[in-house]
Novice: 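Got a structure for you, questions after.
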Amino acid sequence: MNMPDRPMTQPLEVDLTGRKTAPTDPLLDVQPVTLLDGLADELAEIVGGEVTFPAKTRPGYTVTFSVDVDGPQVAAMRQRAKDDSQPDGTNTFQWAAAVIATYCRAVSRQGQRIVDAGGSLVTFTHKDLQQILGVANHPVSPAAAAVKKFYGSDAAVMSTALALLKKAGYGEDVTEDPTPGSSTV
């Protein structure tokens, strides 16, 4: 096979302005990726997710929660659970029930998510569940009352709320990064 004496060239392409340009090959036209580019890609990813806990007081039932727990919203719930008769000024069980009701995404029985007649997932804010539990007309918070009635004990409510917050990252130990040069402080 005879090879030409001169190097093979690719024909020029014409851009939108009519100028002739070298062809672009997407496999060869790779832009360098910077740390900032990588950061933008990582920050675009959705953080959070869900976690499912068994309802210890209700065998066969589990409750699924969002772990995207918003600090200011949790603080606002604590404000709404103010109770001057408590040593710390907060009704912690009311607060824990509010956390569970707010971040609940589904209640399941025997591994099946419970839905209403329209196919919507049943949570503690769902009117049908509140009616079944007899708390739909609760004067302060039917959702928090539904949580308390469903779990049946303050201990179960508190344990579940604290487990959810821990899974969301609250209360986790934070340790120093041993990588040299990782700190700018």
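All values below come from the heavy atoms of this structure, side chains included, with hydrogens, waters and symmetry mates left out. This chain uses plain numbering: 1 for the first residue, then up along the sequence.
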Novice: Going by the salt bridge (charged side-chain N to carboxylate O under 4.0 Å, His left out) test, which pairs reach into residues 147-158, not counting sequence neighbours?
Specialist: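 Counting only pairs at least two positions apart or across chains, no salt bridge (charged side-chain N to carboxylate O under 4.0 Å, His left out) contact touches residues 147-158.
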Novice: Please walk me through it: do Val122 and Asp128 pass side-chain contact (heavy atoms from CB on, under 4.5 Å)?
Specialist: CA-CA 8 Å; Val122 171; Asp128 290 346; 5.8 Å; no
Novice: Could you tell me whether Asn137 atom CG has more than 12 heavy atoms of other residues or ligands within 6.0 Å of it?
Specialist: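 No - once you tally the heavy atoms of other residues, nucleotides and ligands closer than 6.0 Å, there are 12 at most.
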Novice: How is the hydrophobic cluster of Phe93 composed, in terms of its other members, when Ile, Leu, Val, Met, Phe, Trp and Tyr link through side-chain heavy atoms under 4.5 Å apart, directly or indirectly?
Specialist: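 Other cluster members: Met158, Leu162.
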Novice: Using the side-chain hydrogen bond (donor to acceptor under 3.5 Å, both in side chains) criterion, which residues pair with Ser120? Sequence neighbours excluded.
Specialist: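 side-chain hydrogen bond (donor to acceptor under 3.5 Å, both in side chains) list for Ser120, sorted by chain: empty.
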Novice: Please say which of Thr160, Thr123, Thr52, Val99 ends up in a side chain to side chain contact (heavy atoms under 4.5 Å, CB included) with Phe65.
Specialist: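 So, applying the side chain to side chain contact (heavy atoms under 4.5 Å, CB included) to Phe65 and each of Thr160, Thr123, Thr52, Val99, only Thr160 qualifies.
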Novice: Who are the side-chain hydrogen bond (donor to acceptor under 3.5 Å, both in side chains) partners of Thr57, not counting sequence neighbours?
Specialist: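 Residues passing side-chain hydrogen bond (donor to acceptor under 3.5 Å, both in side chains) with Thr57: none at all.
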Novice: Can you sort out the partners of Leu121 under side chain to side chain contact (heavy atoms under 4.5 Å, CB included), two or more places apart, ordered by chain and number?
Specialist: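 Side chain to side chain contact (heavy atoms under 4.5 Å, CB included) check on Leu121 returns Ala106, Arg113, Val115.
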Novice: Can you list everything that forms a salt bridge (charged side-chain N to carboxylate O under 4.0 Å, His left out) with Arg105? Sequence neighbours excluded, please.
Specialist: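 Per chain and number, Arg105 pairs via salt bridge (charged side-chain N to carboxylate O under 4.0 Å, His left out) with no residue.
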Novice: If a pair satisfies ring-ring contact (aromatic ring centres under 6.0 Å, His included) and one of its residues is in residues 105-155, list it, with sequence neighbours excluded.
Specialist: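 Sorted pair list: Tyr61-Phe150, Phe124-Phe150.
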Novice: According to side chain to side chain contact (heavy atoms under 4.5 Å, CB included), who are the partners of Ser159, at least two apart in sequence or on a separate chain?
Specialist: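 Ser159 satisfies side chain to side chain contact (heavy atoms under 4.5 Å, CB included) with no residue once adjacent residues are dropped.
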Novice: Give the cluster check for Tyr170 versus Phe53: same hydrophobic cluster or not, with ILVMFWY residues linked at side-chain heavy-atom distances below 4.5 Å.
Specialist: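 Yes; Phe53 is reachable from Tyr170 via cluster members.
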Novice: Among residues at least two apart in sequence or on other chains, which ones pass side chain to side chain contact (heavy atoms under 4.5 Å, CB included) with Ala76?
Specialist: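 With sequence neighbours excluded, Ala76 shows a side chain to side chain contact (heavy atoms under 4.5 Å, CB included) to Arg80, given in chain and number order.
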Novice: Side chain to side chain contact (heavy atoms under 4.5 Å, CB included) with Gln73: which residues, sequence neighbours excluded?
Specialist: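 Asp70, Met77, Thr102, Tyr103.
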Novice: Under the side-chain hydrogen bond (donor to acceptor under 3.5 Å, both in side chains) test, which residues partner Ser141, sequence neighbours left out?
Specialist: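 For Ser141, no residue satisfies side-chain hydrogen bond (donor to acceptor under 3.5 Å, both in side chains) once neighbours in sequence are set aside.
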Novice: Taking side-chain hydrogen bond (donor to acceptor under 3.5 Å, both in side chains) as the definition, give me every residue that meets it alongside Thr62, ordered by chain and number, with sequence neighbours left out.
Specialist: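 Not a single residue meets the side-chain hydrogen bond (donor to acceptor under 3.5 Å, both in side chains) criterion with Thr62.
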Novice: What I'd like to find out is whether the side chain of Val51 reaches to under 4.5 Å of the side chain of Thr64, using heavy atoms alone.
Specialist: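 No; the side chains remain at least 4.5 Å from each other.
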Novice: Would you indicate whether Gln112, at its atom CD, is surrounded by more than 12 heavy atoms from other residues, nucleotides or ligands within a distance under 6.0 Å?
Specialist: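 No, CD of Gln112 has 12 or fewer neighbouring heavy atoms, counting only those of other groups under 6.0 Å.
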